[in-house]
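First comes the structure, then the notes that go with it.
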Amino acid sequence: GRMAISLAKEHTPDIVIMDIGIPNLNGIEATRQLIIDNPKLRVMALSLHRDTAIVLKMLHAGARGYVLKDSAFTELLDGIDALMEGKFYLCSKIAAVVLNELTNPDWSGTDLLSSRENAVLQLVAEGKTTQDISKRLHISVTTVNSQRNHIMEKLSIHNVAGLAKYAVREGITSP
């Protein structure tokens with residue numbers, strides 16, 4: 001994820017094709033940072049994840065398209081063309097998921113965790129130490145501990161193993 005951000009700054013592409021389950025910084029957070037750095041950049045998600053919450057998180061992060069890997073052969077080029085024309089693109093299977101969710105009267109569109117909390121959660125789930133997280137995110141050890149405690153409180157999870165399971169289930173990190 002961090003490498004994608006670095007490469008995008010160096011090469012300034014028109015489109016970035018982003019997986020979600022990538023190490024160091026998941027594709028959702030990497031997309032969010034890419035869009036902050038370059039609001040005109042178009043990000044196409046290419047993923048195995050078809051879970052509604054993950055799809056919506058990626059779209060909320062700024063992705064303008066989403067294609068499942070099993071649909072890539074038939075739909076990725078159409079998606080890239082659509083993004084180049086300034087349109088949005090969802091492969092047919094994801095379009096059905098998103099429309100179903102958006103037409104659900106209980107849909108709120110809110111995330112439980114902040115961007116920073118998601119970044120801390122991903123690194124915790126990847127087995128990084130508090131000191132490693134502190135260095136990577138350029139925050140103090142105390143802040144890392146505080147963030148981890150807030151995450152556990154918000155999610156009603158009481159140990160690091162539970163955080164790791166949650167992160168995998170929500171697509172924040174891969175198993």
Side-chain angles (χ1 to χ4, degrees), residues 1-104 107-126 128 133 136-139 166-175:
R2 295 190 196 289
M3 185 181 293
I5 293 169
S6 176
L7 289 170
K9 284 180 183 177
E10 181 181 342
H11 298 287
T12 61
D14 294 321
I15 293 180
V16 170
I17 298 174
M18 180 70 70
D19 197 349
I20 293 176
I22 53 178
N24 295 322
L25 186 66
N26 70 62
I28 296 168
E29 291 306 316
T31 296
R32 191 178 325 275
Q33 289 184 26
L34 285 168
I35 298 302
I36 288 169
D37 291 344
N38 181 359
K40 293 181 180 181
L41 180 67
R42 295 169 217 122
V43 176
M44 170 68 75
L46 179 63
S47 181
L48 292 171
H49 294 284
R50 52 182 83 223
D51 179 72
T52 305
I54 294 170
V55 172
L56 292 177
K57 284 179 185 180
M58 188 64 168
L59 295 173
H60 285 208
R64 297 177 59 92
Y66 200 109
V67 174
L68 291 171
K69 287 183 179 178
D70 64 4
S71 302
F73 185 75
T74 57
E75 296 196 56
L76 185 58
L77 244 104
D78 290 340
I80 291 170
D81 288 343
L83 267 61
M84 288 303 294
E85 293 173 9
K87 299 175 183 175
F88 287 83
Y89 186 86
L90 301 174
C91 72
S92 57
K93 292 175 186 173
I94 292 302
V97 167
V98 170
L99 286 172
N100 183 50
E101 186 64 19
L102 292 176
T103 57
N104 179 348
W107 184 72
S108 66
T110 59
D111 290 326
L112 287 176
L113 302 179
S114 70
S115 179
R116 172 70 70 183
E117 288 169 335
N118 274 311
V120 169
L121 175 58
Q122 179 180 0
L123 294 170
V124 166
E126 289 177 2
K128 305 298 183 212
I133 297 169
R136 284 185 189 216
L137 298 179
H138 307 289
I139 58 177
Y166 175 86
V168 169
R169 186 177 67 245
E170 293 297 313
I172 295 167
T173 192
S174 50

Open item on the list: For Lys57 and Ile20: C-alpha separation, side-chain torsions, deciding distance, then whether side-chain contact (heavy atoms from CB on, under 4.5 Å) applies.
Closed with: CA-CA 10 Å; Lys57 284 179 185 180; Ile20 293 176; over 6 Å; no
Task: Ala8 to Pro13 - nearest heavy-atom pair and separation - done: O-CD, 3.5 Å
Open item on the list: Rounded at 0.5 Å granularity, tell me how far CD1 in Ile172 sits from CD1 in Ile54.
Closed with: 8.5 Å
Open item on the list: If I compare all heavy atoms of Lys128 with all of Arg136, which pair ends up nearest, and what's the gap?
Closed with: CE-NH2, 3.4 Å
Open item on the list: Per the side-chain hydrogen bond (donor to acceptor under 3.5 Å, both in side chains) rule, what does the pair list look like for residues 89-98, sequence neighbours excluded?
Closed with: Glu75-Tyr89, Glu75-Ser92
- [ ] Would you name the heavy atoms of Pro39 and Ile36 that are closest together and state the gap between them?
- [x] CD-O, 4.1 Å
Open item on the list: Quick check: closest heavy atoms across Glu126 and Pro23, and the distance to 0.1 Å?
Closed with: OE2-CA, 3.7 Å
- [ ] Output the distance between atom CG (Leu46) and atom CE (Met58), rounded to the nearest 0.5 Å.
- [x] 9.5 Å
TODO: Side-chain contact test, heavy atoms from C-beta onward, threshold under 4.5 Å: evaluate it for Val120 versus Leu137 and give yes or no.
DONE: yes
Task: Candidate pair Leu76 and Met44, rule side-chain contact (heavy atoms from CB on, under 4.5 Å), full reasoning - done: CA-CA 9 Å; Leu76 185 58; Met44 170 68 75; 4.0 Å; yes
TODO: Just do the side-chain contact (heavy atoms from CB on, under 4.5 Å) check on Leu90 and Leu59 with the steps written out, would you?
DONE: CA-CA 10 Å; Leu90 301 174; Leu59 295 173; 4.1 Å; yes
TODO: Dump the intermediate steps for side-chain contact (heavy atoms from CB on, under 4.5 Å) on Asn118 and Ile28, then the final yes or no.
DONE: CA-CA 9 Å; Asn118 274 311; Ile28 296 168; over 6 Å; no
TODO: Write down the atom of Ile35, the atom of Leu41, and the distance for their closest heavy-atom approach.
DONE: CD1-O, 3.4 Å
TODO: For a side-chain contact (heavy atoms from CB on, under 4.5 Å) with Leu121, tell me which candidate from Asn26, Ile133, Leu113 qualifies.
DONE: Leu113
Only pairs under 3.5 Å count here: list side-chain donor-acceptor contacts from residues 63-72, not counting sequence neighbours, and write none if there are none.
residue, atom, partner, partner atom, Å
Arg64, NH2, Gly86, O, 2.8
Tyr66, OH, His49, O, 2.6
Lys69, NZ, Asp19, OD2, 2.8
Asp70, OD2, Arg50, NH2, 2.7

TODO: Please collect all salt bridge (charged side-chain N to carboxylate O under 4.0 Å, His left out) contacts where either partner lies in residues 3-16, sequence neighbours excluded, each pair once.
DONE: Lys9-Asp37
Task: Between NZ on residue Lys87 and CZ on residue Arg42, distance to nearest 0.5 Å - done: 12.5 Å
Open item on the list: To the nearest 0.5 Å, what is the distance between CD on Glu29 and CD1 on Ile5?
Closed with: 9.0 Å
TODO: Taking all non-hydrogen atoms of both residues into account, name the closest pair between Thr31 and Met18 and its distance.
DONE: OG1-CG, 3.6 Å
Open item on the list: To the nearest 0.5 Å, what is the distance between CD1 on Ile80 and CD1 on Ile15?
Closed with: 6.0 Å
